[in-house]
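Below is one structure, written out as structure tokens; comments come after it.
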Amino acid sequence: MNKIFALVDCNNFFASCERVFNPKLEGKPVIVLSNNDGCIIARSNEAKALGLKMGAPYFEHQETIKKNNIHVFSTNFTLYGDISQRVMMILSNFTPELEIYSIDEAFLDLTEMPGINLSDYSQKIKKTIRQWTGMPVSIGVAPTKTLAKIANHLAKKNPDYSGVLDFINLPEKDKALEKVKVENIWGIGRKHSKFLIKNNINNALQLKNTDDQWVKKHMGVVSQRIVLELRGEVCYPLDLNPADKKEICTSRSYGHPLENYEEIEQATTTYVTRTAEKLRKQHSFAQTLIVFLMTNRFSKDPQYANYKIIQLPVATNDTIELIHYTVKALKSIFRKGYKYKKSGVIVTNLIPDNQRQFVLWDEKDREKSKELMNTIDKINKKLGRDKIGYAIQGTLRPWKMRQEKLSPCYTTKWEDILTINL
DNA sequence: TCTGGGGTCCTAGGACCC
DNA sequence: TCTGGGGTCCTAGGACCC
């Protein structure tokens with residue numbers, strides 16, 4: 001039986017989130033910046049039309065921004081995460097067959113919903129989300145995920161579709177595919193589109209009709225699967241239970257360059273604290289810890305970057321233990337006399353609780369540590385992040401990232417809830 | 001002054017084993 | 001001059017995603 005996938009994708013998600021509680025931004029150009037207010041990472045349609053590119057450095061476009069009165073925001077992940085959850089919750093009312101693919105998009109399997117009109121049903125989903133959350137979405141319906149992505153792309157671009165394209169019942173499918181440039185196909189990135197164009201394969205229709213063995217030979221099996229999916233053959237089924245993460249990374253650029261070891265230590269141990277929390281959240285234990293730091297690659301100052309890999313004697317997700325090894329690693333790679341820009345930690349070789357191996361001479365009381373971490377997590381969940389922190393993290397945080405244009409946390413902070421004056 | 005952060009999967013090649 | 005063959009596991013790096 002043929003499958004029916006729908007891809008629901010929020011339009012310009014971060015920019016739209018900023019609009020939800022600030023309706024006077026409707027119709028105006030809006031951009032959202034990356035951490036540290038570094039790059040432009042989300043743009044409303046109006047901002048796109050002004051030529052602002054994804055990932056462009058913010059400081060290079062000050063003039064355009066001022067001239068066109070573009071509204072600028074720092075990333076407010078608390079707000080975006082909360083709105084995302086609300087959207088996903090609504091989607092789960094429409095079908096239990098739901099795969100949350102990223103913060104702003106989800107695949108739905110509508111195969112087992114006989115009798116529905118796919119277009120009408122999608123319009124209903126779209127309308128409900130808009131009405132209940134204020135978030136505009138586009139929906140593409142197709143027999144494979146790759147085609148659903150394409151249908152979604154077309155629905156977004158062409159106003160005639162009013163945000164929904166049912167590719168399954170589309171009369172002229174090939175004509176639609178012909179309009180999709182090869183670089184806009186899900187899974188075809190910069191390198192591969194360059195290669196395809198060089199070989200005179202410029203759009204989705206041409207790629208669909210390319211010999212898939214040839215594609216496999218020159219571009220690998222991932223690209224071969226894309227060709228098959230374009231022909232309607234499912235290679236990527238719906239994934240209802242995404243697996244635990246195999247690797248967890250926390251790293252950030254500092255608000256300004258750091259030279260002092262103590263400050264770098266404070267920042268990096270704060271990162272590993274976050275990492276340990278993420279580990280405990282998915283009930284994993286790390287066997288390997290990697291700590292890295294680097295100078296600013298864009299600056300003319302002397303450059304230095306290094307990392308240290310530590311095999312942990314006993315798999316752990318205990319913050320105190322991970323801080324201990326992070327400091328050890330950091331001390332071994334820190335060199336005086338450089339202006340550091342960024343550091344981070346990665347934990348990998350993650351295993352679940354029941355696969356842990358213990359050592360005879362282990363001095364740590366692991367039961368006690370587990371209870372301690374549980375308690376700290378509970379308190380911080382209730383009272384706010386780092387309410388209970390570790391002395392080594394420091395309190396002044398001179399390395400903290402810049403977020404000069406942060407919007408209020410409308411939905412998650414009592415002080416930030418809107419007041420309506422009647 | 002100012003250039004993000006966090007992931008996955010695949011592949012080729014080396015190490016090692018019998 | 002000759003110097004096996006087949007297999008697995010691991011790792012680094014590439015490509016891609018949002």
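Below, each value reflects all heavy atoms present in this structure, side chains not excepted, and no hydrogens, waters or symmetry copies. Convention: sequence-line order gives letters A, B, ...; per-chain numbering from 1. Here the structure is a predicted model, which is why all the values come from computation and not from measurement.
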- Task: Quick one, give me the B/S/- string for nucleotides 10-18 of chain C, reading 5' to 3', where B means a protein heavy atom under 4.0 Å from the base and S means that only happens at the primed atoms, P, OP1 or OP2.
- Result: -----SSSS
- Item | Below 4.0 Å: OP1/OP2 of B:dC9 and any side-chain N or O of A:Arg225 |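 For A:Arg225, the contact criterion (side-chain N or O under 4.0 Å from OP1 or OP2 of B:dC9) is not met.
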- Message: When you measure from the side-chain N and O atoms of A:Lys342 to the phosphate of B:dG5, is any distance below 4.0 Å, counting only OP1 and OP2?
- Response: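 Checking B:dG5 against A:Lys342, a side-chain N or O does come within under 4.0 Å of OP1 or OP2.
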Out of [options], whichever nucleotide has its closest atom nearest the side chain of [X]:
X	options	answer
A:Arg252	B:dG6, B:dC2, B:dG4	B:dG6
A:Lys246	B:dT8, B:dG5, B:dG4	B:dT8
A:Ile248	B:dG5, B:dG7, B:dT3	B:dG7

Select base, sugar-phosphate, or nothing to describe what [X] touches, counting heavy atoms under 4.0 Å on all strands.
X	value
A:Phe298	base
A:Arg274	nothing
A:Lys216	nothing
A:Thr75	nothing
A:Asn36	nothing
A:Leu33	nothing

- Relative to each other, are the rings of A:Tyr410 and A:Phe21 parallel, tilted or perpendicular (30° and 60° limits)?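 Because their plane-to-plane angle is under 30°, the rings of A:Tyr410 and A:Phe21 count as parallel.
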- Indicate the ring-plane relationship of A:Tyr80 and A:Phe77, choosing parallel, tilted or perpendicular according to the 30° and 60° boundaries.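 Plane angle over 60°, so perpendicular.
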- Message: Return whichever of A:Ser299 or A:Lys245 has its heavy-atom-nearest nucleotide of DNA chain B closer to the 5' end.
- Response: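 It is A:Ser299 whose nearest nucleotide is closer to the 5' end.
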- Starting from the 5' end of DNA chain B, give me the residue, A:Pro257 or A:Ala243, whose nearest nucleotide shows up first.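 Taking each residue's closest nucleotide, the earlier one in sequence belongs to A:Pro257.
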- Measure from the ring center of A:Phe73 to the ring center of A:Phe14 and say whether it is less than 6.0 Å.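 Distance test on ring centres: not under 6.0 Å, no.
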- Message: Quick check: A:Tyr236 with A:Phe107 (ring centres under 6.0 Å apart)?
- Response: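 Distance test on ring centres: not under 6.0 Å, no.
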Starting at [atom1] of [X] and ending at [atom2] of [N], how long is that distance when rounded to a whole Å?
X	N	atom1	atom2	answer
A:Met54	B:dG4	CE	P	12 Å
A:Ile346	B:dG6	CD1	C1'	10 Å
A:Met401	B:dG5	CE	C1'	10 Å
A:Arg402	B:dT1	CZ	C1'	8 Å
A:Lys281	B:dG7	NZ	P	12 Å
A:Gln403	B:dG4	CD	P	15 Å
A:Gln224	B:dC9	CD	P	18 Å
A:Glu99	B:dT8	CD	P	14 Å

- Query: Within the side chain of A:Tyr340, is there an N or O that forms a donor-acceptor pair under 3.5 Å with the backbone of A:Asn260?
  - Reply: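 Here the side-chain-to-backbone pair does not exist.
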- Same-atom distance (C1') from C:dG4 to B:dC16, integer angstrom: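 Per the computed distance, 16 Å lies between those C1' atoms.
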- Query: Which atom names give the shortest non-hydrogen contact between A:Lys28 and A:Lys24, and what distance separates them?
  - Reply: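 Taking every non-hydrogen atom into account, NZ-O, 3.1 Å.
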- Row check, A:Tyr254 ring normal vs A:Lys341 NZ/CZ: under 6.0 Å, within 45°: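 The answer is no, since A:Lys341 fails at least one limit relative to A:Tyr254.
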- Please say whether the positively charged group of A:Arg335, taken as NZ for Lys or CZ for Arg, lies over the ring of A:Tyr304, i.e. under 6.0 angstrom from the six-membered ring centre and within 45 degrees of the axis.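 Checked: cation-pi criterion not met.
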- Message: Only pairs with both distances under 3.5 Å count, Watson-Crick or wobble alike; so what is the partner of C:dG6 in this structure?
- Response: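 Paired with C:dG6, as far as the under-3.5 Å criterion goes, is B:dC17.
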